[in-house]
Amino acid sequence: MRPSSDLSGLGFVKNGIVETIVSTYDEERSPNAAPMGVYTEDMRNIVLKPFKTTQTYENLLKLRSGVANITSDPTLFHRTVFKDANPEGRVPGEWFTHAETVDAPRLMNADACIEFRVISVEDSEEKARLLCRVEKILMIYKPTLRVYSRAVSAVIESLIHATRIEAFLASGEAKKAKDLIGLVKHYHRIVEKVAPNSKYSEIMSDIKRRIDGWRRG
Ligand SMILES: Cc1cc2nc3c(=O)[nH]c(=O)nc-3n(C[C@H](O)[C@H](O)[C@H](O)COP(=O)(O)O)c2cc1C
(Lines give C-alpha, C1' and ligand atoms only; values in the text may rest on other atoms or scores of the structure.)
Protein backbone atom coordinates (compact mmCIF):
# COMPACT_ATOMS: atom_id res chain seq x y z
CA MET A 1 0.00 0.00 0.00
CA ARG A 2 1.25 3.48 -0.78
CA PRO A 3 -1.10 5.87 1.04
CA SER A 4 0.84 8.89 -0.15
CA SER A 5 0.36 8.38 -3.87
CA ASP A 6 -3.07 6.88 -3.30
CA LEU A 7 -4.31 9.86 -1.28
CA SER A 8 -3.10 12.29 -3.92
CA GLY A 9 -4.59 10.02 -6.59
CA LEU A 10 -7.95 10.41 -4.84
CA GLY A 11 -7.62 14.19 -5.06
CA PHE A 12 -6.27 15.00 -1.57
CA VAL A 13 -3.96 17.98 -1.28
CA LYS A 14 -2.01 18.74 1.91
CA ASN A 15 -4.26 20.43 4.51
CA GLY A 16 -7.22 20.65 2.13
CA ILE A 17 -10.51 19.44 3.62
CA VAL A 18 -12.53 16.89 1.64
CA GLU A 19 -15.99 15.60 2.49
CA THR A 20 -16.31 11.87 3.16
CA ILE A 21 -18.79 9.57 4.87
CA VAL A 22 -17.23 7.91 7.91
CA SER A 23 -18.56 4.48 8.84
CA THR A 24 -18.08 2.87 12.25
CA TYR A 25 -19.61 0.22 14.51
CA ASP A 26 -21.48 1.21 17.64
CA GLU A 27 -21.51 -0.69 20.95
CA GLU A 28 -24.00 -3.24 19.62
CA ARG A 29 -21.91 -3.61 16.44
CA SER A 30 -24.60 -1.90 14.36
CA PRO A 31 -23.03 -0.04 11.46
CA ASN A 32 -23.28 3.75 11.50
CA ALA A 33 -22.30 6.29 8.87
CA ALA A 34 -22.10 10.08 8.90
CA PRO A 35 -20.60 12.73 6.62
CA MET A 36 -17.35 14.10 8.03
CA GLY A 37 -14.69 16.44 6.70
CA VAL A 38 -11.21 14.88 6.51
CA TYR A 39 -7.78 16.29 5.72
CA THR A 40 -4.19 15.12 5.55
CA GLU A 41 -1.10 16.96 6.74
CA ASP A 42 1.46 14.47 5.45
CA MET A 43 -0.34 12.39 2.78
CA ARG A 44 0.00 9.29 5.02
CA ASN A 45 -2.37 9.95 7.93
CA ILE A 46 -5.77 11.62 7.93
CA VAL A 47 -7.32 13.95 10.50
CA LEU A 48 -11.01 14.00 11.49
CA LYS A 49 -12.70 16.64 13.63
CA PRO A 50 -15.99 15.20 14.86
CA PHE A 51 -18.22 17.09 17.28
CA LYS A 52 -18.15 15.26 20.59
CA THR A 53 -21.94 14.94 20.46
CA THR A 54 -21.80 12.67 17.39
CA GLN A 55 -22.21 8.91 17.40
CA THR A 56 -19.21 8.73 15.09
CA TYR A 57 -16.96 10.28 17.76
CA GLU A 58 -18.25 7.88 20.41
CA ASN A 59 -17.73 4.87 18.14
CA LEU A 60 -14.24 5.94 17.07
CA LEU A 61 -13.18 6.41 20.69
CA LYS A 62 -14.30 2.87 21.54
CA LEU A 63 -13.13 0.77 18.58
CA ARG A 64 -10.47 3.16 17.24
CA SER A 65 -11.30 2.00 13.71
CA GLY A 66 -13.27 3.54 10.87
CA VAL A 67 -13.61 3.91 7.14
CA ALA A 68 -13.75 7.22 5.25
CA ASN A 69 -15.94 6.42 2.25
CA ILE A 70 -15.44 8.51 -0.88
CA THR A 71 -18.52 9.48 -2.86
CA SER A 72 -20.09 12.50 -4.51
CA ASP A 73 -23.62 11.09 -4.40
CA PRO A 74 -25.86 13.63 -2.62
CA THR A 75 -28.34 10.89 -1.69
CA LEU A 76 -25.69 9.06 0.34
CA PHE A 77 -24.82 12.30 2.14
CA HIS A 78 -28.50 13.05 2.81
CA ARG A 79 -29.37 9.59 4.12
CA THR A 80 -26.30 9.40 6.37
CA VAL A 81 -26.59 12.91 7.83
CA PHE A 82 -30.32 12.62 8.60
CA LYS A 83 -30.87 9.03 9.70
CA ASP A 84 -34.66 9.57 9.84
CA ALA A 85 -34.64 10.15 6.05
CA ASN A 86 -34.29 6.34 5.78
CA PRO A 87 -37.35 4.05 5.80
CA GLU A 88 -36.35 2.39 9.10
CA GLY A 89 -34.93 5.52 10.68
CA ARG A 90 -31.34 4.33 10.32
CA VAL A 91 -28.87 3.80 7.49
CA PRO A 92 -29.86 0.41 5.96
CA GLY A 93 -27.65 -2.44 7.19
CA GLU A 94 -27.46 -3.86 3.66
CA TRP A 95 -25.52 -0.78 2.51
CA PHE A 96 -22.50 -2.04 4.44
CA THR A 97 -19.92 -4.76 4.29
CA HIS A 98 -16.97 -5.37 6.63
CA ALA A 99 -13.72 -3.49 6.02
CA GLU A 100 -10.67 -5.58 5.14
CA THR A 101 -8.05 -4.35 7.61
CA VAL A 102 -9.89 -2.61 10.46
CA ASP A 103 -12.86 -3.38 12.72
CA ALA A 104 -15.35 -1.16 10.93
CA PRO A 105 -18.04 -1.37 8.25
CA ARG A 106 -17.60 0.19 4.84
CA LEU A 107 -20.20 1.49 2.39
CA MET A 108 -20.55 -0.84 -0.58
CA ASN A 109 -21.71 1.99 -2.83
CA ALA A 110 -18.69 4.24 -2.27
CA ASP A 111 -16.21 4.95 -5.08
CA ALA A 112 -13.27 4.31 -2.77
CA CYS A 113 -12.72 3.55 0.92
CA ILE A 114 -9.97 4.67 3.24
CA GLU A 115 -9.65 2.22 6.12
CA PHE A 116 -8.02 3.83 9.16
CA ARG A 117 -7.04 3.37 12.79
CA VAL A 118 -7.21 6.21 15.32
CA ILE A 119 -3.72 6.80 16.69
CA SER A 120 -4.27 9.91 18.81
CA VAL A 121 -7.16 11.92 20.20
CA GLU A 122 -7.04 15.57 21.25
CA ASP A 123 -10.17 16.97 22.86
CA SER A 124 -11.35 20.53 22.91
CA GLU A 125 -14.65 21.72 24.37
CA GLU A 126 -16.89 20.96 21.39
CA LYS A 127 -14.81 19.00 18.92
CA ALA A 128 -12.07 16.39 18.97
CA ARG A 129 -9.10 16.09 16.66
CA LEU A 130 -8.46 12.49 15.71
CA LEU A 131 -5.21 11.61 14.00
CA CYS A 132 -5.74 8.40 12.04
CA ARG A 133 -3.31 6.10 10.28
CA VAL A 134 -4.38 5.01 6.82
CA GLU A 135 -4.27 1.20 6.77
CA LYS A 136 -5.65 0.52 3.32
CA ILE A 137 -7.17 2.36 0.41
CA LEU A 138 -9.69 0.37 -1.55
CA MET A 139 -10.48 1.69 -5.00
CA ILE A 140 -13.81 0.47 -6.27
CA TYR A 141 -13.50 1.00 -9.97
CA LYS A 142 -16.74 2.07 -11.57
CA PRO A 143 -17.44 4.04 -14.70
CA THR A 144 -16.49 7.54 -13.60
CA LEU A 145 -17.84 9.53 -16.51
CA ARG A 146 -20.58 11.79 -15.19
CA VAL A 147 -22.00 15.05 -16.37
CA TYR A 148 -21.30 17.99 -14.10
CA SER A 149 -24.48 19.19 -12.43
CA ARG A 150 -24.47 22.26 -10.19
CA ALA A 151 -27.24 20.57 -8.22
CA VAL A 152 -24.82 17.98 -6.80
CA SER A 153 -22.58 20.55 -5.09
CA ALA A 154 -25.55 22.74 -4.14
CA VAL A 155 -27.24 19.86 -2.30
CA ILE A 156 -24.08 18.78 -0.47
CA GLU A 157 -23.30 22.40 0.55
CA SER A 158 -26.87 22.74 1.83
CA LEU A 159 -26.60 19.54 3.89
CA ILE A 160 -23.42 20.85 5.53
CA HIS A 161 -25.15 24.15 6.35
CA ALA A 162 -28.29 22.36 7.56
CA THR A 163 -26.45 20.55 10.36
CA ARG A 164 -24.98 23.86 11.53
CA ILE A 165 -28.34 25.67 11.24
CA GLU A 166 -29.92 23.10 13.57
CA ALA A 167 -27.10 23.60 16.11
CA PHE A 168 -27.18 27.42 15.86
CA LEU A 169 -30.98 27.57 16.29
CA ALA A 170 -30.75 25.22 19.29
CA SER A 171 -28.06 27.38 20.94
CA GLY A 172 -29.83 30.69 20.20
CA GLU A 173 -27.21 31.91 17.70
CA ALA A 174 -29.90 33.43 15.51
CA LYS A 175 -27.66 35.61 13.31
CA LYS A 176 -25.40 32.72 12.33
CA ALA A 177 -28.45 30.55 11.61
CA LYS A 178 -30.05 33.30 9.51
CA ASP A 179 -26.94 33.75 7.38
CA LEU A 180 -26.75 30.02 6.61
CA ILE A 181 -30.49 29.82 5.93
CA GLY A 182 -29.94 32.56 3.32
CA LEU A 183 -27.26 30.43 1.66
CA VAL A 184 -29.48 27.34 1.64
CA LYS A 185 -32.26 29.39 -0.01
CA HIS A 186 -29.76 30.43 -2.67
CA TYR A 187 -28.75 26.80 -3.32
CA HIS A 188 -32.42 25.78 -3.38
CA ARG A 189 -33.03 28.27 -6.19
CA ILE A 190 -30.06 26.84 -8.14
CA VAL A 191 -31.36 23.27 -7.74
CA GLU A 192 -34.89 24.29 -8.82
CA LYS A 193 -33.37 25.91 -11.88
CA VAL A 194 -30.95 23.19 -13.01
CA ALA A 195 -32.73 20.07 -11.71
CA PRO A 196 -36.45 20.71 -11.14
CA ASN A 197 -38.59 17.75 -10.02
CA SER A 198 -35.52 15.61 -9.42
CA LYS A 199 -34.09 13.57 -6.54
CA TYR A 200 -31.98 16.65 -5.83
CA SER A 201 -34.97 19.00 -5.53
CA GLU A 202 -36.62 16.44 -3.21
CA ILE A 203 -33.61 16.58 -0.87
CA MET A 204 -33.73 20.40 -0.95
CA SER A 205 -37.44 20.31 -0.02
CA ASP A 206 -36.61 17.95 2.84
CA ILE A 207 -33.91 20.35 4.08
CA LYS A 208 -36.38 23.26 3.88
CA ARG A 209 -38.99 21.27 5.85
CA ARG A 210 -36.42 20.49 8.52
CA ILE A 211 -35.30 24.13 8.81
CA ASP A 212 -38.93 25.29 9.12
CA GLY A 213 -39.43 22.71 11.89
CA TRP A 214 -36.28 23.74 13.79
CA ARG A 215 -37.35 27.40 13.54
CA ARG A 216 -40.73 26.59 15.05
CA GLY A 217 -38.81 24.86 17.85
C1 LIG B 1 -20.66 17.15 3.95
C2 LIG B 1 -20.78 17.17 5.45
C3 LIG B 1 -19.62 17.24 6.23
C4 LIG B 1 -19.69 17.19 7.63
N5 LIG B 1 -18.56 17.27 8.37
C6 LIG B 1 -18.61 17.13 9.72
C7 LIG B 1 -17.41 17.13 10.51
O8 LIG B 1 -16.28 17.27 9.99
N9 LIG B 1 -17.53 16.96 11.84
C10 LIG B 1 -18.75 16.79 12.45
O11 LIG B 1 -18.80 16.60 13.67
N12 LIG B 1 -19.90 16.81 11.74
C13 LIG B 1 -19.86 16.96 10.39
N14 LIG B 1 -21.03 16.96 9.66
C15 LIG B 1 -22.31 16.78 10.36
C16 LIG B 1 -22.52 15.31 10.76
O17 LIG B 1 -22.47 14.47 9.62
C18 LIG B 1 -23.91 15.17 11.41
O19 LIG B 1 -23.92 15.84 12.64
C20 LIG B 1 -24.32 13.73 11.61
O21 LIG B 1 -25.69 13.67 11.92
C22 LIG B 1 -23.55 13.01 12.68
O23 LIG B 1 -24.01 11.67 12.72
P24 LIG B 1 -23.60 10.63 13.84
O25 LIG B 1 -24.17 11.16 15.14
O26 LIG B 1 -24.20 9.33 13.42
O27 LIG B 1 -22.10 10.58 13.89
C28 LIG B 1 -20.97 17.07 8.27
C29 LIG B 1 -22.13 17.02 7.48
C30 LIG B 1 -22.05 17.09 6.08
C31 LIG B 1 -23.31 17.03 5.26
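Remember, it's 1-based here, ligands and their atoms both numbered in the order they're listed. Sequential numbering from 1 along the given sequence is applied to the chain's residues. Computation of the quantities below employed the complete heavy-atom set of this structure, encompassing side-chain atoms and omitting hydrogens, waters and symmetry-equivalent molecules.
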Identify all side-chain donor-acceptor contacts of residues 180-196 below 3.5 Å with residues at least two apart in sequence or on another chain.
residue: His188; atom: NE2; partner: Glu192; partner atom: OE2; Å: 3.4

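In summary, the side chains of Asn45 and Arg133 do not present any donor paired with an acceptor at a separation below 3.5 Å, with no hydrogens or angles considered. No side-chain N or O of Ser30 forms a donor-acceptor pair with one of Glu28 less than 3.5 Å apart.
Checked against side-chain hydrogen bond (donor to acceptor under 3.5 Å, both in side chains), Tyr200 has no partners two or more places apart in sequence or in another chain. Partners of Asp111 according to the side-chain hydrogen bond (donor to acceptor under 3.5 Å, both in side chains) rule, which considers only residues two or more places apart in sequence or in another chain, are Lys142.
Ring geometry for His98 against Tyr25 counts as parallel: the plane angle stays under 30°, on a 0 to 90° scale with 60° as the upper cut.
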List ligand 1's nitrogen or oxygen atoms that come under 3.5 Å of a protein nitrogen or oxygen, with the partner atom and distance.
residue: ligand 1; atom: 5 (N); partner: Gly37; partner atom: N; Å: 3.2
residue: ligand 1; atom: 8 (O); partner: Gly37; partner atom: N; Å: 3.0
residue: ligand 1; atom: 9 (N); partner: Lys49; partner atom: O; Å: 3.1
residue: ligand 1; atom: 11 (O); partner: Phe51; partner atom: N; Å: 2.6
residue: ligand 1; atom: 14 (N); partner: Pro35; partner atom: O; Å: 3.4
residue: ligand 1; atom: 17 (O); partner: Pro35; partner atom: O; Å: 2.7
residue: ligand 1; atom: 21 (O); partner: Val81; partner atom: O; Å: 3.1
residue: ligand 1; atom: 23 (O); partner: Lys83; partner atom: NZ; Å: 3.2
residue: ligand 1; atom: 25 (O); partner: Gln55; partner atom: N; Å: 2.9
residue: ligand 1; atom: 26 (O); partner: Asn32; partner atom: OD1; Å: 3.4
residue: ligand 1; atom: 26 (O); partner: Asn32; partner atom: ND2; Å: 2.9
residue: ligand 1; atom: 26 (O); partner: Lys83; partner atom: NZ; Å: 2.9
residue: ligand 1; atom: 27 (O); partner: Gln55; partner atom: N; Å: 3.3
residue: ligand 1; atom: 27 (O); partner: Thr56; partner atom: N; Å: 2.9
residue: ligand 1; atom: 27 (O); partner: Thr56; partner atom: OG1; Å: 2.5

